Each structure stands twice: as structure tokens, then as C-alpha cells.
Amino acid sequence: MATVPHPLHTTTFKLPLPIRTEISHPQTLRFKASLSTNAPLPGRKLRAAVIGAGPAGSSAAEALASGGVETFLFERSPPTVAKPCGGAIPLCMLHEFDIPSHLIDRQVTQMRIISPSNLAVDFGKTLRPNEFIAMLRREVLDSFLRSRAESLGANLVSGLVTDIEVPNTSSTAPYVVHYTANNSRHALSVDVVIGADGANSRVAKSIKAGDYACAIAFQERIKLPDEKMAYYKNMAEMYVGNDVSPDFYAWVFPKCDHVAVGTGTVRAKQYIKAYQRGIRERVKPKIAGGKVIKVEAHPIPEHPRPIRVRGRVALVGDAAGYVTKCSGEGIYFAAKSGRMCGEGIVKASEGGDRMIEEEDLKREYLKAWDAKYISTFRFMDLLQRVFYGSNAAREALVELCGDEYVQRMTFESYLYKRLAEGDGWEDVKMVCNTIGSLARCNIVGR
């Protein structure tokens with residue numbers, strides 16, 4: 001879905017923002033005398049298949065290949081095909097993942113949230129001069145990350161994965177990836193599989209990872225007349241109300257030469273086109289004269305899967321369910337989970353020289369991921385329950401957005417993925433203001 005900083009999003013974890021001039025890769029790791037009981041792989045390297053070459057898969061493949069693991073990156077879609085996505089990424093991702101500035105379509109410094117009664121609040125008054133929300137197109141970002149992984153040693157396979165053959169009992173028997181390419185059937189034996197193949201993950205089904213609730217995102221790319229586009233030069237808008245979504249928000253995000261207008265829902269997916277008509281009606285004067293150049297729809301996970309690691313298979317990104325509620329943020333968490341998983345495999349295999357086991361994946365990837373981020377997902381779930389349940393609650397949300405302390409704490413947490421350093425007295429006032437807003441909107445005490 002779209003990605004925006006959400007008010008009250010202040011309970012993320014400290015992650016220092018690295019400023020680098022060159023890419024840091026796992027091949028810089030040095031392994032001491034091995035204490036591992038995992039079997040060595042004489043005469044060859046650990047072989048990994050990464051299914052899906054979006055931000056999660058490409059980041060995983062980059063970490064694996066540059067860390068000494070023989071890596072095969074599968075992607076069925078051509079480079080010009082992209083998942084429907086608002087395309088907003090936090091500032092820290094540009095540095096952490098070495099995203100070149102020329103990929104950025106817009107640097108959003110103004111953000112407006114509009115309530116069901118059309119009360120508009122400017123959300124972003126506390127941004128510093130060098131701070132912005134980067135807006136880009138997924139097809140551009142995905143192609144860049146995919147090409148970088150390939151340049152660092154990943155073998156890019158253009159094909160559709162049709163089945164993952166899972167070994168019955170052996171801890172070292174290979175997984176067999178069946179796929180079609182150039183109208184022919186192929187098979188590849190690998191030691192480990194990373195599923196980065198989205199909400200409808202075939203890899204997840206192969207390991208019986210369990211079901212989860214999915215939302216649907218619907219988006220239209222609309223090319224506007226120049227005078228209309230000028231309004232959205234560095235402006236993003238977020239609309240809430242039952243007319244645009246019963247449980248999420250609708251958005252208007254600027255791109256290079258057009259805007260992305262979309263919405264999402266999990267509770268009423270059959271009415272998604274009606275909600276899209278709702279957001280188009282809300283922004284009708286601003287997009288008058290625009291021409292739809294692309295229509296996109298895609299399922300989006302609503303929570304982490306029950307099982308994200310089984311055997312020597314790990315799930316990352318949307319396949320694992322890493323999209324936050326309330327804000328709909330997924331790009332950063334996809335790339336981060338892919339990198340953490342890839343680096344965990346490199347570490348456990350000692351640079352690709354040893355076999356790995358399920359416990360290695362759980363220890364080096366899953367446990368580390370949950371320690372950093374699982375509380376964030378739970379907190380955002382709570383916020384969605386509080387503020388998206390009714391139009392009255394949405395009015396309270398927009399009212400809170402006018403508070404500059406709320407804005408500063410929100411952007412500090414969103415842009416840098418670290419715990420914002422708050423003021424104790426201001427925190428107390430923020431809680432009181434939240435209760436007051438909910439009370440004025442007749443939410444508290446029902």
C-alpha cells in the first residue's frame with residue numbers, strides 16, 4: 001500500500017542512521033575458527049534461491065551474493081511491471097540502502113491530512129530543511145535493486161516459479177525449485193530458499209506457513225495538466241472517511257509527471273472500486289482534466305504470517321507479512337527483512353562454506369527481526385483499531401495531527417526508524433490531548 005508517517009507513530013526502535021559513501025557488504029565479515037556443528041561443503045558454496053526480485057528479494061540476494069553464497073534470484077515480471085504502491089520511503093532508507101538521488105521523483109515536504117468532514121491539517125511543519133519523504137516509482141526502485149544484486153554476483157533468472165519441492169526428512173537434502181522460462185520447464189536444486197514473492201507467496205504455501213488476512217490496494221496513476229501538477233510538486237495528501245475506506249486511508253502522492261491516487265481496505269474488498277470513486281470525488285477539483293495512464297491492484301498482508309521460517313526456507317517482505325497497519329509501510333521493512341535474512345545466512349554458513357539449519361535461520365534472522373520490529377507492528381495495529389473504526393475516531397485523529405509535538409515525534413520515528421527522544425511533560429500532554437480528542441468525538445465512554 002501507500003506509505004506515510006502516521007501520527008503517534010513514536011514507538012519504533014533505535015537504529016543509527018549510517019552515512020556511507022560506498023556500499024557495505026557482508027564479504028567484509030571475518031570468520032574465526034569455526035564452532036559450528038553444521039556440515040562443511042567441500043568443493044562448493046552454499047546455494048540459495050531467492051524467489052521474487054522486489055525490494056525484499058533483491059536486498060536478500062545482494063547480501064547473499066556479496067557474502068559468498070551462490071545465489072539465484074527469480075523474477076517472473078519484466079522490469080517495467082510494478083506492484084501498486086504509494087512509493088514513499090523514509091529518509092534513512094536512502095542512506096542505509098545507498099539509493100541514488102536520481103531515482104527520487106519528488107521530495108515531499110508538505111503533507112496534508114483531510115478528515116471525513118473535510119477538515120484539513122498540514123502535517124509536516126516540524127520537518128527540518130534537509131528532511132523530506134522520498135517519493136519514487138516502484139518499477140524504478142525495483143529495477144535498480146535487482147540490477148545491483150546481479151552486478152554483485154547474483155544469478156538473475158527470468159522465469160515463473162511453479163513449485164518448490166520440499167525434502168521429506170533429511171537436513172541436507174536439496175530443495176528443488178521448478179520454474180518455467182522461455183516456454184520451457186526447468187528445475188534447480190538449492191540448499192536454502194528465501195520466499196520474497198509477495199502476499200500470495202507460492203513459497204509460503206510450499207512450507208504450509210499458514211494464512212493471514214490480506215487487504216487490497218487499488219491505485220490509479222493520473223497525469224495532470226501542468227497547473228494542477230504544480231500543486232502536488234512537493235505535496236502529499238491523505239484522506240480518511242467511510243467514503244474512501246472503512247478501515248484505512250486514501251492517498252494522493254506525487255510522482256515524476258503524474259500523481260498516484262489510491263485506497264485500500266481489508267474489511268470490504270468487494271467494494272474497493274466504490275472507495276476509489278470516493279477518493280476521486282474528494283479530490284475532483286484538484287485532478288480535473290487529468291488522464292488515467294495506469295490502473296493497478298494488488299493484495300497487501302495485514303499481519304505477519306504464523307510461520308516465517310520452516311526447515312531451510314525463510315519468508316521476507318510481503319510474503320512474511322511485513323506491512324504495518326495504519327501507515328501501510330512496507331518498502332523499508334521488505335528491504336530490511338531481506339537484508340537481515342541474507343546476512344543471517346551468510347553468518348550462519350560462514351561465508352557460504354557450511355550447510356545451515358532451521359535453527360540458524362530462526363536465530364540469525366527471525367529472532368533478530370522480532371527483537372527490532374515486532375513491537376512496532378503491534379503498536380500500529382493498536383493505532384488502527386483506535387483511530388480507523390469510525391468517522392468520529394478519524395476526526396479525532398486529524399485533530400491530533402495539528403499538534404506540532406505529535407508531528408515532530410511522528411516524523412522523527414518514521415524518517416529515521418529510531419525511537420524519538422521525547423519530553424516527559426509533552427508526552428503527558430500528548431496523552432491528555434489524545435483522550436480529549438477522542439472524548440470530543442464521542443469515542444471515549446461508549
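As the structure is a computational prediction, the values presented were derived from the model and not from experiment. Residue numbers run from 1 in the order of the sequence given.
At distances below 3.5 Å, not a single donor-acceptor pair connects side-chain atoms of Arg354 with backbone N or O atoms of Ala348. Ser58 places a side-chain N or O within 3.5 Å of a backbone atom of Ala53 that can act as its donor or acceptor partner. Although no hydrogens or angles enter the test, the distance criterion places a donor-acceptor pair under 3.5 Å between the side chain of Arg310 and the main chain of Ile207. Remark: side-chain polar atoms of His303 are paired, donor with acceptor, to backbone N or O of Ala213 under 3.5 angstrom. Judged by distance alone, the side chain of Ser337 and the main-chain N or O of Ala334 form a donor-acceptor pair under 3.5 Å. The main-chain N or O of Asp191 is found under 3.5 Å from a side-chain atom of Arg312 such that the two form a donor-acceptor pair. No donor-acceptor pair under 3.5 Å is formed between the side chain of Arg308 and the backbone N or O of Val316. Side-chain atoms of Thr71 never come within 3.5 Å of backbone atoms of Ala48 as a donor-acceptor pair (strictly under, hydrogens ignored). Tyr212 places a side-chain N or O within 3.5 Å of a backbone atom of Ala199 that can act as its donor or acceptor partner. In this structure a side-chain-to-backbone donor-acceptor pair under 3.5 Å is present from Arg305 to Gly210.
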Checklist entry - When you look at Leu64 and Ile345, which way does the side chain to side chain contact (heavy atoms under 4.5 Å, CB included) test go after all the steps? => result CA-CA 7 Å; Leu64 289 167; Ile345 291 170; 3.7 Å; yes
Checklist entry - Can you check side chain to side chain contact (heavy atoms under 4.5 Å, CB included) on Glu237 and Met111, steps first, answer last? => result CA-CA 6 Å; Glu237 292 183 323; Met111 198 175 147; over 6 Å; no
Item to check | Step-by-step side chain to side chain contact (heavy atoms under 4.5 Å, CB included) determination, Cys92 to Tyr332 | outcome: CA-CA 9 Å; Cys92 66; Tyr332 175 81; 4.0 Å; yes
Item to check | side chain to side chain contact (heavy atoms under 4.5 Å, CB included) between Lys125 and Glu404, intermediate numbers included | outcome: CA-CA 7 Å; Lys125 293 178 285 187; Glu404 289 194 11; 4.2 Å; yes
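Annotation: side chain of Leu415 is in contact with side chain of Ile133 (closest heavy-atom distance under 4.5 Å).
Taking the six-membered ring where tryptophan is involved, the planes of Tyr249 and Tyr388 are tilted, since the angle between them lies from 30° to 60°. Using cut-offs of 30° and 60° for the angle between ring planes, the Tyr179 and His186 rings count as parallel.
Under the rule for a side chain to side chain contact (heavy atoms under 4.5 Å, CB included), the partners of Ile104 that lie at least two apart in sequence or sit in another chain are Leu94, Gln107, Phe132, Ala134. Contacts of Ser151 classified as side chain to side chain contact (heavy atoms under 4.5 Å, CB included), with partners at least two apart in sequence or in another chain: Arg148. Residues satisfying the side chain to side chain contact (heavy atoms under 4.5 Å, CB included) test with Val295, not counting sequence neighbours, are Phe218, Glu220, Val292.
Here the shortest heavy-atom pairing between Ser245 and Thr263 reads CB-OG1, 3.7 Å. The minimum heavy-atom distance between Phe253 and Ala236, with the atom names listed, is CD2-CB, 3.7 Å. Residues Arg138 and Pro55 come closest through the heavy atom pair NH2-CD, 3.2 Å. Shown here for Leu46 and Ser349, the closest heavy-atom pair between the two residues is CD2-CB, 3.8 Å. The shortest heavy-atom contact between Ile307 and Leu315 is O-CD1, 3.6 Å. Taking every heavy atom of both residues into account, Val244 and Ala250 meet most closely at CB-CB, 3.8 Å.
Under the 3.5 Å distance criterion, with hydrogens and angles disregarded, no donor-acceptor pair is assigned to the side chains of Tyr414 and Glu329. A side-chain N or O of Glu131 and one of Tyr416 form a donor-acceptor pair less than 3.5 Å apart. Gln407 and Tyr405 share no side-chain donor-acceptor pair at under 3.5 Å.
We find that Arg363 and Glu359 are not joined by a salt bridge, their nearest charged nitrogen and carboxylate oxygen being 4.0 Å or further apart. With salt bridges taken as basic N to acidic carboxylate O contacts below 4.0 Å, none links Glu412 and Arg408. Between Lys45 and Glu70 no salt bridge is recorded (no basic side-chain N to carboxylate O distance below 4.0 Å).
Within a 6.0 Å radius of NZ in Lys367, other residues, nucleotides and ligands contribute 12 heavy atoms or fewer. The environment of CZ in Arg44 is crowded: more than 12 heavy-atom neighbours from other residues, nucleotides or ligands sit within 6.0 Å.
Checked against Asp381 for a side chain to side chain donor-acceptor pair (under 3.5 Å), the options Gln384, Arg385, Arg378 give a single hit: Arg385.
Between the CD atom of Glu62 and the OG atom of Ser59 there is a distance of 6.5 Å, given to the nearest 0.5 Å.
Aromatic ring centres of Trp369 and Tyr365: separated by at least 6.0 Å. Between Phe123 and Phe411, the gap from one ring centroid to the other is short of 6.0 Å.
Both the sub-6.0 Å distance and the 45° axial angle are not jointly satisfied by Lys336 relative to the ring of Tyr373.
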